[in-house]
Amino acid sequence: MFRPKDNLERLNKSAIRMCMPRIPVDKVLHAMKALIYLDREWIPQNDGATLYLRPTMIASEPGLGLRPASEYTFFIIKSPVGAYYAEGVNPVKIYVEDRYVRAVEGGVGEAKTGGNYAASVKALTEAQDKGYSQVLWLDAREHKYVEEVGTSNAFILIGDELITPPLGGTILPGITRDSVIQLAKDWSLNIKERPIDIAEIMEASENGTLKEIFSTGTAAVISPIGELCYQDKIIIINEGKTGKLAKRFYDELLALQHGTLEDTHNWLVRVG
Ligand SMILES: *Cc1c(COP(=O)(O)O)cnc(C)c1O
């Protein structure tokens, strides 16, 4: 398992925000190991394929009142998933969304909760109708600062500075985001958590300093972005090809997850 404790602790943070009960992390981790062992035949053996685990909590008390429920059900969905990039890592086209917003300050944007996905589907389908695979979200107040890419965290390489927006309550604290930040520090890269204006990206594209954009999340690990459409301007990033840095993070994380690199951060947990 890759960083299961960090994921369960985040689930607890989300639960607190949603007035749901917390789970006992060590006990659940133990239960997850037992469950994976029971279903071990479902663990895919082919390259890049994984057993995806999704611990989930829902209110399960019948009733109509608006208040925290008195009964919740916690369950773990397991599903074998094929290699995310069956045909190799390919950069995606992203639509910069400047009307709809994903999350507002004081809202639930930093919690992993269903409502956040519900709020995002309309923008996603409109972007897909225009030929884009995802949206890049901007902040709700000024519609200019980069927040996230779909349901993944954003990284932008301008010159030698690798920038990711800071967690300020509206951004989901991705475990993959955290892994990338830690690796960047290990590699002595110039990594900054700071607000980044979409205008800065457009300008960097124009003056040739924009090197790469990629996003991070558990399923795809690293997803390079080859094209951005903002208002009526289209920019091509790194000639539409996967950037060197995105590839380096991708290869390193996959090797760590598959146990072919030494796990110096203690990110892996043995199941059996
Ligand atoms: C899950 C998720 C991420 C990525 O988090 P990981 O822990 O890296 O999988 C980023 N943004 C949103 C909105 C998410 O739901």
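Index from 1, following the sequence. Just so we're clear, the structure is a prediction, and the values are computed from it rather than from any experiment. Read the numbers this way: they start at 1 and go in the same order the structure lists the ligands and their atoms.
- Taking Tyr37 as the reference, Arg40 meet the side-chain contact (heavy atoms from CB on, under 4.5 Å) condition, with sequence neighbours excluded.
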Short N or O separations between ligand 1 and the protein, below 3.5 Å:
residue  : atom   : partner : partner atom : Å
ligand 1 : 7 (O)  : Arg10   : NH1          : 2.7
ligand 1 : 7 (O)  : Arg10   : NH2          : 3.3
ligand 1 : 7 (O)  : Ile175  : N            : 2.8
ligand 1 : 8 (O)  : Ile175  : N            : 3.3
ligand 1 : 8 (O)  : Thr176  : N            : 2.9
ligand 1 : 8 (O)  : Thr176  : OG1          : 2.6
ligand 1 : 9 (O)  : Thr218  : N            : 2.9
ligand 1 : 9 (O)  : Thr218  : OG1          : 2.6
ligand 1 : 11 (N) : Glu148  : OE1          : 2.4
ligand 1 : 11 (N) : Thr151  : O            : 3.4
ligand 1 : 15 (O) : Lys112  : NZ           : 2.6
ligand 1 : 15 (O) : Tyr117  : OH           : 2.4

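- Between Asp6 and Arg10, none of the side-chain N atoms (NZ, or NE/NH1/NH2) sits under 4.0 Å from a carboxylate O, so this pair counts as no salt bridge.
- For the pair Lys122 and Tyr100, the cation-pi test (distance below 6.0 Å, angle within 45°) is failed.
- Scanning for side-chain contact (heavy atoms from CB on, under 4.5 Å) contacts around Gln257 gives Phe2, Val221, Leu254, with sequence neighbours left out.
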Pair up each side-chain donor or acceptor in residues 58-70 with any protein partner under 3.5 Å, not counting sequence neighbours, and list the distances.
residue : atom : partner : partner atom : Å
Ser60   : OG   : Glu71   : OE2          : 3.0
Ser60   : OG   : Thr73   : N            : 3.4
Ser60   : OG   : Thr73   : OG1          : 2.7
Glu61   : OE1  : Arg67   : NH1          : 3.3
Glu61   : OE2  : Ser70   : OG           : 2.5

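- In this model, no donor atom of one side chain and acceptor atom of the other lie less than 3.5 Å apart for Arg17 and Thr113.
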